[in-house]
Each structure stands twice: as structure tokens, then as C-alpha cells.
Amino acid sequence: MAGNGWRRSGVDDWSVEDARNFLGTVLGYEVQSSDFPQFAPGTGAAPRAIHDALTRHVQLLNEANPGYLTRRSVWEGVTVLCCFVAWAGSYFARDHILVSQQDFCERERISRQEFAAMMAVGYACYCTGKVVFGLVADSCGGCSTLLFTLVGSAVLSIVFSFGSGSAAYFIVVYGVLRFTQAAGWVGIVRVVGAWVPSTRHGRVMSFLSLSFLIGDTVVRSILSEVLQAGYSWREVMRFCALGTAVFAVPVVIIIRDSPMSKGMQPPPRPPSSICVFDEQSTKPTMRTILGPLCLSSSFWMLCILSFLVASIRESFNVYSVPYLESLGKEPDQAASMSSLFPGFGVVGVVVIGVTVDWLGGRELWRLRSCAIPMWGAFALPGLAALAVWPTPAFWPLSAAFMSAGFGVCGLFSLLAGVLSLDLGGQYGSATVCGITDAAGYLGAMAIMAASGTLSSDFQTLFGVATVLCCGCIVVGFAFVCTSGREYAALIEADRPGSEMAAVVGATAEQRDLG
């Protein structure tokens, strides 16, 4: 296996770093010893010697643990699939009140202003929960936080259904419900960081990001059928509570926080991770996680990018249909055309995931971050066209929505997934994801507040989105430069977990793995 990968690489001067990254891809864990101590980290090494060492290591590992590689690949795939199913199923507890909104307001005599206040409180609680549960997931494990989301959402949905006519009761319970739901995605990111090597983060996170669209679409279709059958909003809530609880079962049975619980080694730390711990002597804490992040320019730029991208995305979510109607489109035509944004957003999510893994290669972090200005450039023409050329013609409008959806949704997935994993590593990815997600939700709230005065001036609104996209490209280029410098500093630093090992081989300890 190693030999085939070495031949396909096309690299004739593999360094020690290349060998270690490749071994992490093949085996899914980090080897810390060497057969060739004369090759120091950061120096060129004979590719054939490295190739032979890797080949021997794989052979000895398979002899000591027959089927280890296959077993680890299967468990990794099953874990990722269960995370996908669990997060898609969580939309039962996210969509129930939105789908049954009309029946809820009529039966409980809740005004539109009170319902809007309930949504605003839920939004703020969800944003706060992202930060809190990001830290909790890194300290306590992603499996427990994901399970907490599913079980807590089921219980609180039932509690919500027992309310009667009190807007204050509904607002408080809904806020707690949304706070609880914030634990789910950061828990999934933590699980992925513990199981999946960094060279597959792009494809895995793209796949998981599709759970948003699939879960939302399927759940809304099911709940609409339930409502049409004559059930009230209370019965819908209780049905959703049961559905959410069912999806907690695979989390309990299958998902584990780390491969070590299955007798397998964790993947190597992403070379760009600034959250490094020696599990033998220390455990991740709030101080040891937030300390390195607060000193990282890349982390703060990631938050700024999330703020900008989420603002653009929310502009489309809220105002794309009214914008199209203002151009003379019928409501059904406007709804159909606006679906091009999320539709091509799915394409952008998949393509950016494959692209960042393909770009990874020898300088994983530096090349992956180049996708930020690239995808910003994809979105810019569509946003600019909507701002300066508001034509009702079908093809120009369609092309604008396709371009914007491809770029904006791809960027949104990259920031909250791959780059959070790369920067936070196994021990800080949930925190990075939670804080950057929270920054994004603040951006969405800001654009909704600011757009109140622009609600009828759609050209100005999309002009603002165009300026924000230009800001994304500029900050993206700055991020590429800054992350490159931090990556180089990590390679040079002599600290536990960040030192690139000498050429890898097989030792007695490695023969006893599993």
C-alpha cells in the first residue's frame, strides 16, 4: 500500500515530513520512532530508504495485528456515517416549530411580534451555546455533547409542548432548547478530529455538511405530511421528540470519542494545529485551549471570515425571494429561482472539500487556505451582478445565483469544518469551530439588523454583500500569508506533538498496537 502511494506521488525528494504525513494517511495514526535516526527533521532523505521503511512498517503492523488497516477504515467510515445520520435527524427538533408556526400562533394566541422575539432569543442562545459547548466538547468529548443535543432536544420539545398561552414560557423554553442544540455540530467536529486524518478532512466535512440540506429537506417534508393529516402543533412536537430520541441510539451504540476505545491509534496531529497536548501529562482545559488560540492571528482572521461569509449567506436566505419578486417574478418563480443558491451551494461544498484535500499534499495548511480567496472570487461576479445589474432575464439571474451559491456556501463549509479541524487539531477543533460559528451567527444577526433600513432597497443590500465578499478575498489572502508563517513556526518549534519525527519504521511498541 505504501509503495503504491509513493510511486503515485511523483515526488523524488521526499522529506521526513512528507513520510510522516503519508504514513498518517495510510495507517491513520502517528508513528514516533525511526529506523534511520541519521535523517533529522526538516532535511531531505533518500526516497527509497523512506519508502522501504514505510513498507516494512505496514507489513509488520499487519503481521502483529491482522486486518488492522481494514478494521480501522471500517470503524472510521461507520463513525462518520453515524454522525451524518444523527445530525440530519436532529432537524426534527430544529424544524418542528417553524413548520407548525401558523397552527402554533393561532391556537396559543401568540402574536407575530412575540414569535419573532422567541426566534431572536433562540438565535442568541444558539450563538452563546456554540462557544460554551465548543469548550465542553474538547474537554469532555464530542460523543457526549452530540448525545446531549439529541436527548436534551427531545426532552425540551416535550416540555415546550405542555405550554399553554404564555409567551414568556415559550420564549424561555425555546431559548434553552436552542442553547442545547448548539452542542451537536461542535461535538461532531470533535469526533471527526479524533478519528479522521487531516488529509481526508475536506471530503469528510463536505459529506457531513450535506446533512444540513438533507436533514432539513426530509424533515420538513415529513412534518408537512403530519400537519396535513390534521395533527396539532403539540402532536407534531411530541412526534419530533420521539424521532430525535431514535437518532440518539446509534450515537450511544456506535460512536466513540477516540479510536483508542476500539484498540486503535488516533490519527496524527494536523501539522498546522496550534492546540497541542501530551495526554500522558495533561488534559485539555479552557486555559490550555484558549491560550494558544488567542495568540494566533490565523484564528482571529478565521473569526472575521466567518462573520463576513455568514452575513452574505444570511442576506440570500432572507432577501433572495423578495429581491426576485421586486424584479417582477411570480412568487412560485421567485421561490424556484432562489433555490439555485442552496442547490449550487451543495456543489460548492462538495467541490471545495475535494479541492482542499487535493491541494493538501506536502504543505497541507498553506495550500488549503488558498481556497478562501479562490471561492471568494467565485462568488464575487454573482454578487456584483445582483447589485449593479438587476435584470429580470432568466439566464443572467440564474448565473448570478449559481455563482454566489457555489462560492458562499463552499466558504461557509470550509470555515466551520476543515479549517477549524486543521487549526484546532484533535484537542481544540470543537472550540475553534464553536467560536468561529458564533462569530458567523453574530454576522448574520448584524446583517438582519442593518438591513431593516434597506429592506426595500435590494440593490444596496446586495451591494453591501459584494463589499463584504471583497473583504473576504482580502482577509483570505492575509490569512494565507499569516497561516503560512505560523505553519513554518510550528515546523521549527521543538515542542511535544509538533516536532516532525525522523524517518518512521517498526518497533516493538508498534508491533503491540491494538
Side-chain angles (χ1 to χ4, degrees), residues 89-130 149-184 215-247 314-315 317-322 325 331-332 334-335 338 441-442 444-456:
S90 73
Y91 273 77
F92 275 107
R94 295 166 69 94
D95 287 344
H96 47 29
I97 194 62
L98 300 176
V99 174
S100 59
Q101 172 183 345
Q102 183 176 355
D103 184 65
F104 168 71
C105 291
E106 289 177 355
R107 289 176 182 263
E108 302 305 320
R109 295 183 173 85
I110 300 296
S111 68
R112 293 300 175 187
Q113 292 76 14
E114 289 171 332
F115 188 84
M118 186 176 76
M119 292 294 107
V121 169
Y123 214 86
C125 290
Y126 191 75
C127 181
T128 304
K130 285 283 187 178
T149 284
L150 296 170
V151 176
S153 296
V155 172
L156 288 167
S157 295
I158 294 175
V159 172
F160 189 94
S161 71
F162 283 110
S164 179
S166 172
Y169 175 88
F170 290 126
I171 289 173
V172 171
V173 176
Y174 186 74
V176 178
L177 172 62
R178 291 292 284 157
F179 181 81
T180 302
Q181 290 169 350
D216 190 34
T217 303
V218 173
V219 167
R220 284 176 182 265
S221 299
I222 293 173
L223 296 186
S224 64
E225 294 294 330
V226 173
L227 283 172
Q228 288 177 11
Y231 292 98
S232 69
W233 73 268
R234 295 181 194 277
E235 293 164 316
V236 169
M237 296 285 283
R238 291 162 189 169
F239 170 79
C240 290
L242 176 61
T244 305
V246 168
F247 284 95
E314 192 65 21
S315 299
N317 289 340
V318 176
Y319 293 107
S320 58
V321 171
E325 289 177 346
D332 58 335
S338 67
Y441 280 103
L442 288 176
M445 294 169 68
I447 199 67
M448 290 177 68
S451 61
T453 57
L454 304 173
S455 58
S456 60

Undergrad: Do L227 and V99 have side-chain heavy atoms sitting under 4.5 Å apart?
TA: yes
Undergrad: Which atom names give the shortest non-hydrogen contact between E108 and G163, and what distance separates them?
TA: OE1-O, 4.1 Å
Undergrad: As an exercise, state the distance from OG of S166 to CD1 of I110, rounded to the nearest 0.5 Å.
TA: 7.5 Å
Undergrad: Run the side-chain contact (heavy atoms from CB on, under 4.5 Å) check on T244 and H96 step by step: do they pass?
TA: CA-CA 11 Å; T244 305; H96 47 29; over 6 Å; no
Undergrad: Drop me the distance from I158's CD1 to R234's CZ, to the nearest 0.5 angstrom.
TA: 13.5 Å
Undergrad: Is the shortest side-chain heavy-atom distance between F162 and R238 below 4.5 Å?
TA: yes
Undergrad: K130 versus C127: any side-chain heavy-atom pair under 4.5 Å?
TA: no
Undergrad: With no hydrogens and no angle check, is any side-chain donor or acceptor of Q181 less than 3.5 Å from a backbone partner on S153?
TA: no
Undergrad: Check C240 against L223 and note the closest heavy-atom contact, atom names and distance.
TA: SG-CD2, 3.4 Å
Undergrad: Please check if atom CD in Q228 has more than 12 non-hydrogen atoms from other residues, nucleotides or ligands closer than 6.0 Å.
TA: yes
Undergrad: So does I222 get a backbone contact from the side chain of E225, meaning a donor-acceptor N/O pair under 3.5 Å?
TA: no
Undergrad: Which pair of heavy atoms, one from C125 and one from F179, lies closest together, and at what distance?
TA: O-CD1, 3.4 Å
Undergrad: Rounded to the nearest 0.5 Å, how far does CD1 of I97 lie from CZ of R178?
TA: 12.0 Å
Undergrad: What class does the angle between the rings of F104 and F170 fall in, given that below 30° is parallel, 30 to 60° is tilted and above 60° is perpendicular?
TA: perpendicular
Undergrad: Please tell me if the side chains of F92 and V246 come closer than 4.5 Å, counting only heavy atoms from C-beta onward.
TA: no
Undergrad: Between the main-chain N or O of T180 and the side-chain N or O of T149, is there a donor-acceptor pair closer than 3.5 Å?
TA: yes
Undergrad: Are any of the side-chain heavy atoms of R107 and S100 separated by less than 4.5 Å?
TA: no
Undergrad: With ring centroids as reference points, do Y231 and F239 lie under 6.0 angstrom apart?
TA: no
Undergrad: Kindly indicate whether the side chain of V121, heavy atoms from C-beta on, has any atom under 4.5 Å from the side chain of Y174.
TA: no
Undergrad: Any chance you could measure R94, atom CZ, to S157, atom OG, to the nearest 0.5 Å?
TA: 12.0 Å
Undergrad: Distance from L98 atom CG to Y91 atom OH, nearest 0.5 Å?
TA: 11.0 Å
Undergrad: Working to the nearest 0.5 angstrom, can you tell me the gap between E106 CD and S232 OG?
TA: 12.5 Å
Undergrad: Kindly indicate whether the side chain of Q101, heavy atoms from C-beta on, has any atom under 4.5 Å from the side chain of R112.
TA: yes
Undergrad: Check each of L150, D95, V219 against S90 using the side chain to side chain contact (heavy atoms under 4.5 Å, CB included) test, and report the only one that passes.
TA: L150
